[in-house]
Amino acid sequence: QVVPVGDGYARRVAEKALRREKFVKEANSTRTEPERDRRTIFVGNVPAGPPQHRVKKALHKMFDQFGQIESLRFRSFAAGSPKLTKAEALRRYSFSQHSTKMNVYIVYSNETAARAAVSLNGATLNITFNLTLPENATDKMSVDAAQAKAMHKKVARTNG
């Protein structure tokens, strides 16, 4: 599969066709793992405001009671910059201003634990963390996710 050199438009069209072909090939070859799917639960409306490590800690605290968690995957959030990958945006705490919620997939080590965890459907996730206030404040305060996001924007505007 050779991409023609020369005309920019023809090269871009050929590259796009190759990317599409590769995507379709990978999509068709990906096999689902029904056993893993049965051990996975979906947690929606998780706030994107608090730092990732605090969200993970709160999720572990809430869901560890049902069994060993194999993995936590954060999905469905918009990165703050198109130049950042989603993984990098998550590490840097750089979300789009329009992205206030994200989804999490929790994979348990066994199916029984996942079935038990579904009993928390509709529960509220409590995330507590300290946020350093602007220079005129002398101490830290505990805030909820909505307050943290608002404060983060205010601090970013005064520092930037």
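The first residue of the sequence shown is numbered 1, and numbering continues consecutively from there.
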Assess whether atom CZ of Arg20 is packed by more than 12 heavy atoms of other residues, nucleotides or ligands within 6.0 Å. no
Given side chains that start at C-beta, do those of Arg54 and Pro47 come closer than 4.5 Å, heavy atoms only? no
Could you pull out all residues at least two apart from Lys61 that satisfy side chain to side chain contact (heavy atoms under 4.5 Å, CB included)? none
Side-chain donor-acceptor pairs of residues 106-122 under 3.5 Å, sequence neighbours excluded:
residue : atom : partner : partner atom : Å
Tyr108  : OH   : Phe63   : O            : 2.8
Ser109  : OG   : Gln68   : O            : 3.4
Asn110  : OD1  : Thr112  : N            : 3.3
Asn110  : OD1  : Ala113  : N            : 2.8
Glu111  : OE1  : Arg38   : NE           : 3.4
Glu111  : OE2  : Arg115  : NE           : 3.2
Glu111  : OE2  : Arg115  : NH2          : 2.7
Ser119  : OG   : Ala116  : O            : 2.7

What pairs with Arg75 under salt bridge (Lys or Arg N to Asp or Glu O under 4.0 Å), at least two apart in sequence or on another chain? none
I want to check something: taking the side chain as every heavy atom from C-beta on, are Val43 and Met62 in contact at a cut-off of under 4.5 Å? no
With sequence neighbours left out, write down each residue that passes side chain to side chain donor-acceptor pair (under 3.5 Å) with Gln65, or none if nothing qualifies. none
Once you round to the nearest 0.5 Å, how far does CD1 of Ile41 lie from CZ of Phe66? 8.0 Å
Considering residues at least two apart in sequence or located in another chain, which fulfil the side chain to side chain donor-acceptor pair (under 3.5 Å) criterion with His60? Asp64
In this structure, OG1 of Thr40 is separated from CZ of Phe42 (nearest 0.5 Å) by 12.0 Å
Side chain to side chain contact (heavy atoms under 4.5 Å, CB included) partners for Asn45, two or more places apart: Lys101
